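Counting starts at 1 for both ligands and their atoms, following the listed order. Everything quoted here is computed from the prediction, not taken from an experiment.
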Amino acid sequence: MSTPIVQLEDFKKTYQSGDIQVHAVRGVNLTVQAGEFIAVMGASGSGKSTLMNTVGCLDRPSGGRFMLDGVDVSKLDRDQLADLRNQKIGFVFQGFHLLARTSALENCELPMLYARPSKSASAQKARAMKSLEQVGLGQRFDHTPNQLSGGQQQRVAIARALVNDPKLLLADEPTGNLDSQTSIEIMGIFQQLNDAGMTIMMVTHELDVASYAKRMVVMRDGRIVRDEQVGPRHNAAEELGKLTREQAAVNLAP
Ligand code: ADP
Ligand code: MG
């Protein structure tokens with residue numbers, strides 16, 4: 001059995017909010033193996049982002065244990081945690097978080113500036129270009145975010161998340177700002193990456209979007225209340241083909 005990418009054991013997170021303690025996550029066990037594609041669902045306030053922020057090494061558990069790719073995160077100081085995050089994790093957010101007035105290519109080069117060992121400038125550019133080509137945006141490498149559609153901006157953000165060859169891609173509501181067809185396109189990219197071996201954990205509140213994952217985890221009040229393999233999963237490439245054919249049929253109708 002290979003080392004799990006994520007291992008959470010009785011993970012707890014409590015926030016201090018003035019005099020009040022908020023128990024955001026109340027004891028979660030979760031193991032994620034390489035090659036999984038997981039959708040995390042649950043109502044607002046159920047603890048999804050808290051879980052993702054911990055798995056993404058942006059925050060530390062208040063209780064229990066978190067191992068990332070075999071490394072016990074509780075033993076690391078802030079700098080070591082930041083290094084581990086940069087090395088192992090790619091992030092995609094609802095709001096894309098791209099730098100304005102900065103080309104797609106330069107946006108993708110950013111995470112490599114902090115990477116160790118560092119690459120030469122030309123190697124960074126080549127890696128960023130390869131990443132943009134992977135998401136189908138090679139032609140638009142010199143476009144700035146305001147010259148790109150929302151779906152294209154999210155694809156740049158995915159390309160950026162891939163440049164340090166992460167072990168795990170984390171996405172918090174990646175389709176939250178996108179229409180349904182564009183959402184399927186983004187799920188198509190996730191499925192393609194997952195088929196090529198990338199491990200993906202994605203938060204979504206949309207069942208449609210979750211149905212492209214292989215496994216579904218549902219949270220309620222800081223606990224996992226459901227965890228199961230879903231399937232047969234929807235295939236984004238097939239769905240898009242169907243949509244295009246329907247569109248063509250509508251256009252051809254007298
Ligand atoms: P979700 O992403 O499922 O909406 P969150 O993980 O954001 O849920 O939040 C879980 C609970 O923790 C909520 O009650 C939220 O108000 C609380 N919470 C989240 N972050 C903080 C924080 N930094 N300080 C205090 N409470 C927080
Ligand atoms: Mg959230």
Asker: Check whether any side-chain N or O of S183 sits under 3.5 Å from a backbone N or O of D179 as a donor-acceptor pair, and report yes or no.
Answerer: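 Pair found, side chain donor or acceptor close to backbone of D179.
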Asker: Which heavy atom of the protein is the closest neighbour of atom 4 (O) of ligand 1, given with residue, atom name and distance?
Answerer: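 That would be G45 N, 2.7 Å.
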Asker: Can you tell me if G47 contacts ligand 1 (heavy atom of the residue under 4.0 Å from the ligand)?
Answerer: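 True for this residue.
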Asker: Would you say S49 has an N, O or S atom lying under 2.8 Å from the Mg ion (ligand 2)?
Answerer: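 It does: S49 brings an N, O or S atom closer than 2.8 Å to the Mg ion (ligand 2).
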Asker: Ignoring hydrogens and angles, tell me if any N or O in the side chain of Q152 forms a donor-acceptor pair with the backbone of S149 under 3.5 Å.
Answerer: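 Checking the backbone N and O of S149 against the side chain of Q152, a donor-acceptor pair under 3.5 Å is found.
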Asker: Of the protein's non-hydrogen atoms, which lies at the shortest distance from atom 3 (O) of ligand 1, and what is that distance?
Answerer: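 Nearest neighbour among protein heavy atoms for atom 3 (O) of ligand 1, to 0.1 Å: K48 NZ, 2.8 Å.
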Asker: Under 3.5 Å, is there a donor-acceptor pair linking the side chains of D172 and S49?
Answerer: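 Result is yes, a qualifying pair exists.
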Asker: Donor-acceptor pair, distance only, cut-off 3.5 Å: does the side chain of Q154 make one with the backbone of P174?
Answerer: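 Answer holds: yes.
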Asker: So which heavy atom on A157 is nearest to which on F96, and how close?
Answerer: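 Taking A157 first and F96 second, the nearest heavy atoms are CB-O, 3.7 Å.
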Asker: Using only heavy-atom distances, determine whether the side chains of T50 and N53 contain a donor-acceptor pair under 3.5 Å.
Answerer: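 No donor-acceptor contact under 3.5 Å links the two side chains.
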Asker: Suppose we measure from atom 7 (O) of ligand 1 to each protein heavy atom; which comes out shortest, and what is that distance?
Answerer: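 For atom 7 (O) of ligand 1, the nearest protein heavy atom comes out as S49 CB, 3.7 Å.
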Asker: Heavy-atom count around R220 CZ within 6.0 Å, excluding the residue itself: above 12?
Answerer: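 Count not over threshold, so no.
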Asker: Quick check: T50 and ligand 1, any N/O pair under 3.5 Å apart?
Answerer: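 T50 vs ligand 1: N/O contact under 3.5 Å present.
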Asker: Please give me the minimum heavy-atom distance between L98 and P145, naming the atom from each residue.
Answerer: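 Heavy atoms only, the tightest pair is CB-CG, 3.9 Å.
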Asker: By number and element, which atoms of ligand 1 are closer than 4.0 Å to a non-hydrogen atom of V22?
Answerer: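 It comes down to these atoms of ligand 1: 12 (O), 14 (O), 17 (C).
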Asker: Is atom 17 (C) of ligand 1 less than 4.0 angstrom from at least one protein heavy atom?
Answerer: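 True for atom 17 (C) of ligand 1.
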Asker: Can you report which non-hydrogen protein atom sits closest to atom 25 (C) of ligand 1, along with the distance?
Answerer: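 Ranked first by proximity to atom 25 (C) of ligand 1 is Y15 CB, 3.3 Å.
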Asker: I'd like to know if G222 contacts ligand 1, where contact means a heavy-atom distance under 4.0 Å to any ligand atom.
Answerer: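 False for this residue.
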Asker: Distance under 4.0 Å to a non-hydrogen atom of A43: what atoms of ligand 1 satisfy this?
Answerer: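 Per the distance check, 3 (O).
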Asker: Quick one: nearest non-hydrogen protein atom to atom 12 (O) of ligand 1, plus distance?
Answerer: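 Answer, as residue, atom name and distance: A24 CB, 3.3 Å.
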